[in-house]
There are 2 protein chains.
Amino acid sequence: MDLTERPDLPFDVFSKACPSRGTLEHVTGRWGGLTLGALYEGSLRFNELRRRVDGVSEKMLSQTLHALERDGLVHREAQPTNPPRVDYELTALGRGVAERLLPLVHFVEGNMAEILAARERYDAMRASGGARGALG
Amino acid sequence: MDLTERPDLPFDVFSKACPSRGTLEHVTGRWGGLTLGALYEGSLRFNELRRRVDGVSEKMLSQTLHALERDGLVHREAQPTNPPRVDYELTALGRGVAERLLPLVHFVEGNMAEILAARERYDAMRASGGARGALG
DNA sequence: CGGTATCCCGGCCGATACTG
DNA sequence: CAGTATCGGCCGGGATACCG
């Protein structure tokens, strides 16, 4: 397959004004991707999600969920019980996004050792003073 | 395939301290993804890249390229000519990332109309005052 | 051409307190 | 439990100027 072949769509992410850039940032931002990933495993309540996405604050989780719900990727199901119970789950669109996002995440996780090695090489090269090759 | 099945790796992105989160942000951040996408189409020079990635500033492109180079995703080839010529291209690892990133980007682009419609519905619902259904 | 250095603002984000 | 309100720090990122 040729991934450079771009279908003739009305939206082009390379264009400055393309609204897809905004959604892409919701989806791939610091918390958006982790939230979608967690929900891909199944419906979760607010605090379950908060525990699953290690490090997220109440505020950011709430904000992230609102953005994803607005984009039609997450469905919010509130039950008017006491205490209140709210479940979050992916929509069909959200599953589509998650199915394409997770392979990327897993690929990076799986190659993290190589990435860390590349970083060490890069940093060592800079520290030792330049762009010369192995021979110095 | 079951994307929830996570191989037993030393790195887990859901964990607060996982370094993959950093690389993921380089890759999916505001400019990282567009830069990888542009380079997936072929090797490019600095200003070619700058024109292709509409809206990026010199500073952010430089910063983005450094981060991607450090992570071993992009290779920088400088020729000591005058005027200077520098080419950027994806490494094998970078192509692996791009191949998983592009389907996500294309999916969002392709479903942008639906996403925008979801936003309008969401905003209209909020403006009209509540979580009631179609019957008001 | 291919960058780096500096200034500065907006908003991301965490911490804390409060509400239904 | 499931959030909202408010404050403040930090830094992403744009504008501009400058360098080899």
Side-chain angles (χ1 to χ4, degrees), chain A residues 16-17 21-35 38-39 43-71 74-89 122 125-126 129-131, chain B residues 16-17 21-35 38-39 43-71 74-89 122 125-126 129-131:
Chain A
K16 189 175 182 170
R21 285 194 182 181
T23 295
L24 242 3
E25 284 181 47
H26 296 157
V27 163
T28 63
R30 182 157 181 199
W31 304 117
L34 293 171
T35 302
L39 289 178
S43 169
L44 287 174
R45 301 173 62 176
F46 188 83
N47 279 319
E48 289 173 340
L49 213 37
R50 189 154 141 57
R51 280 187 293 274
R52 180 75 177 119
V53 181
D54 189 20
V56 70
S57 66
E58 285 187 1
K59 178 180 153 184
M60 289 317 299
L61 181 56
S62 173
Q63 194 171 304
T64 299
L65 285 168
H66 279 311
L68 295 178
E69 189 191 355
R70 189 167 105 99
D71 283 348
V74 162
H75 176 67
R76 181 178 186 277
E77 185 88 25
Q79 297 173 34
T81 58
N82 192 317
R85 178 190 177 98
V86 180
D87 288 270
Y88 291 93
E89 59 185 339
Y122 182 91
M125 180 92 79
R126 305 224 111 194
Chain B
K16 191 174 181 169
R21 285 194 181 180
T23 295
L24 242 2
E25 283 181 49
H26 297 157
V27 163
T28 63
R30 181 155 182 200
W31 303 117
L34 292 171
T35 302
L39 289 176
S43 169
L44 287 173
R45 301 173 62 175
F46 188 84
N47 279 317
E48 289 173 339
L49 213 37
R50 190 153 140 58
R51 280 186 294 275
R52 181 75 177 117
V53 181
D54 188 20
V56 71
S57 66
E58 286 186 0
K59 176 181 156 184
M60 289 317 299
L61 180 56
S62 172
Q63 195 171 304
T64 299
L65 285 168
H66 279 310
L68 295 178
E69 189 191 357
R70 189 166 104 100
D71 283 349
V74 162
H75 175 68
R76 182 179 186 277
E77 186 88 25
Q79 297 173 34
T81 59
N82 192 316
R85 179 190 177 99
V86 180
D87 289 88
Y88 292 92
E89 59 185 341
Y122 183 91
M125 179 94 79
R126 304 224 114 196

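Letters A, B, ... mirror the listed sequences (proteins, then strands); counts begin at 1.
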Over how many whole Å does the gap from B:Glu48 atom CD to C:dG2 atom C1' extend?
-> 12 Å

Measure from CD on B:Glu77 to C1' on C:dG2 and round the result to the nearest Å.
-> 15 Å

Separation of B:Arg45 atom CZ from C:dC1 atom P, in whole Å?
-> 8 Å

Counted 5' to 3', the first and last nucleotides of DNA chain D within 4.0 Å (strictly under) of a heavy-atom of chain A are D:dC1 to D:dC7

Nearest nucleotide by nearest heavy atom, which residue falls closer to the 5' end of DNA chain D, A:Pro83 or A:Ser62?
-> A:Pro83

Which atoms form the tightest heavy-atom contact between B:Leu49 and B:Ala38, and what is the distance?
-> CD1-CB, 3.8 Å

Tell me, with the steps shown, if A:Val56 and A:Trp31 meet side-chain contact (heavy atoms from CB on, under 4.5 Å).
-> CA-CA 7 Å; A:Val56 70; A:Trp31 304 117; 3.8 Å; yes

From OH (B:Tyr88) to CD (B:Glu77), nearest 0.5 Å | 11.5 Å

Kindly indicate, with the supporting measurements, whether the criterion side-chain contact (heavy atoms from CB on, under 4.5 Å) is fulfilled by B:Arg50 and B:Glu58.
-> CA-CA 7 Å; B:Arg50 190 153 140 58; B:Glu58 286 186 0; 3.4 Å; yes

Starting at atom CG of B:Leu49, determine the distance to atom P of C:dG2, rounded to an integer number of angstrom.
-> 10 Å

Non-hydrogen atoms of A:Ser43 and A:Glu89 that approach each other most closely = CB-CB, 4.1 Å

A:Ser57 side chain reached by A:Met60 side chain, heavy atoms, under 4.5 Å = yes

Do A:Arg52 and A:Asp54 sit within salt-bridge range, that is, some charged N less than 4.0 Å from a carboxylate O?
-> no

Please report, rounded to the nearest Å, how far the C1' atom of C:dG3 is from the CZ atom of B:Arg51.
-> 15 Å

Any chance you could lay out the side-chain contact (heavy atoms from CB on, under 4.5 Å) test for B:Leu44 and B:Asp87, step after step, and finish with the verdict?
-> CA-CA 6 Å; B:Leu44 287 173; B:Asp87 289 88; over 6 Å; no

Have a look at A:Arg50 and say if it touches a base, only the backbone sugar-phosphate, or nothing, with a 4.0 Å heavy-atom cut-off.
-> nothing

Please list, pair by pair, any protein nitrogen or oxygen found under 3.5 Å from a nitrogen or oxygen in nucleotides 12-15 of chain C.
{"unit_1": "C:dC13", "atom_1": "N4", "unit_2": "A:Lys59", "atom_2": "NZ", "d": "2.7"}
{"unit_1": "C:dG14", "atom_1": "OP2", "unit_2": "A:Ser57", "atom_2": "OG", "d": "3.3"}
{"unit_1": "C:dG14", "atom_1": "O6", "unit_2": "A:Lys59", "atom_2": "NZ", "d": "2.2"}

Taking atom C1' of C:dG2 as reference, at what distance in whole Å does atom OH of B:Tyr88 sit?
-> 7 Å

With side-chain contact (heavy atoms from CB on, under 4.5 Å) as the test, would you mind laying out the steps for A:Arg45 and A:Asn47 before giving the verdict?
-> CA-CA 6 Å; A:Arg45 301 173 62 176; A:Asn47 279 319; over 6 Å; no

